[in-house]
Amino acid sequence: MDFYTVVLRQSAGYWVALCLENGLVGQGNTQEDSISKLKDAIDSFQEVYESETGIYNASVSIKELHEFLTVEDEDISSDIYELRKVYA
């Protein structure tokens, strides 16, 4: 079982989970829901990545991470982030 580094961010009333190893995201009403959807996305991506050629796979750059963390959201008065180790 592989593990992934995930950054969680609350945005517009939803939680968004970003996988740093591959740039995939999951979104949900709760942290756990967003992680569950991210795991589904990782599983789906792995199937395609292993069965087809020419599929791009790269980790998130510092610039992309900065953009993810600094997206402005007027609905939220304070930013909430969390870093997790997730097994998928």
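These figures come from a predicted structure and were not determined experimentally.
For the atom pair CG (L69) and CD (E64), the distance works out to 12.0 Å, reported to the nearest 0.5 Å. Here the straight-line distance linking atom CG of L24 with atom CG of D43 works out to 10.5 Å at 0.5 Å rounding. Distance OG/S34 to CZ/R9: 12.5 Å, rounded to 0.5 Å. Here the OG atom belonging to S36 is positioned 13.5 Å from the CD atom belonging to Q31, to the nearest 0.5 angstrom. The distance from the CD atom of Q27 to the OH atom of Y14 is 6.5 Å, given to the nearest 0.5 Å.
Remark: K39 pairs with I35, V86, A88 by the side-chain contact (heavy atoms from CB on, under 4.5 Å) rule, at least two apart or across chains. Residues forming a salt bridge (Lys or Arg N to Asp or Glu O under 4.0 Å) with D33 (at least two apart in sequence, or on another chain): K37. Legend: residues meeting salt bridge (Lys or Arg N to Asp or Glu O under 4.0 Å) with E82, ordered by chain and number and at least two apart, are R84. Residues forming a side-chain contact (heavy atoms from CB on, under 4.5 Å) with S44 (at least two apart in sequence, or on another chain): none.
No side-chain heavy atom of W15 sits less than 4.5 Å from a side-chain heavy atom of N29.
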Pair up each side-chain donor or acceptor in residues 52-59 with any protein partner under 3.5 Å, not counting sequence neighbours, and list the distances.
none

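Residue pairs meeting the ring pair (Phe, Tyr, Trp, His ring centres under 6.0 Å) criterion with at least one member in residues 17-53, sequence neighbours excluded: F45-Y49.
Within a 6.0 Å radius of CD1 in I62, other residues, nucleotides and ligands contribute 12 heavy atoms or fewer.
For V60 against G23, the heavy-atom pair with the smallest separation is CG2-CA, 3.5 Å.
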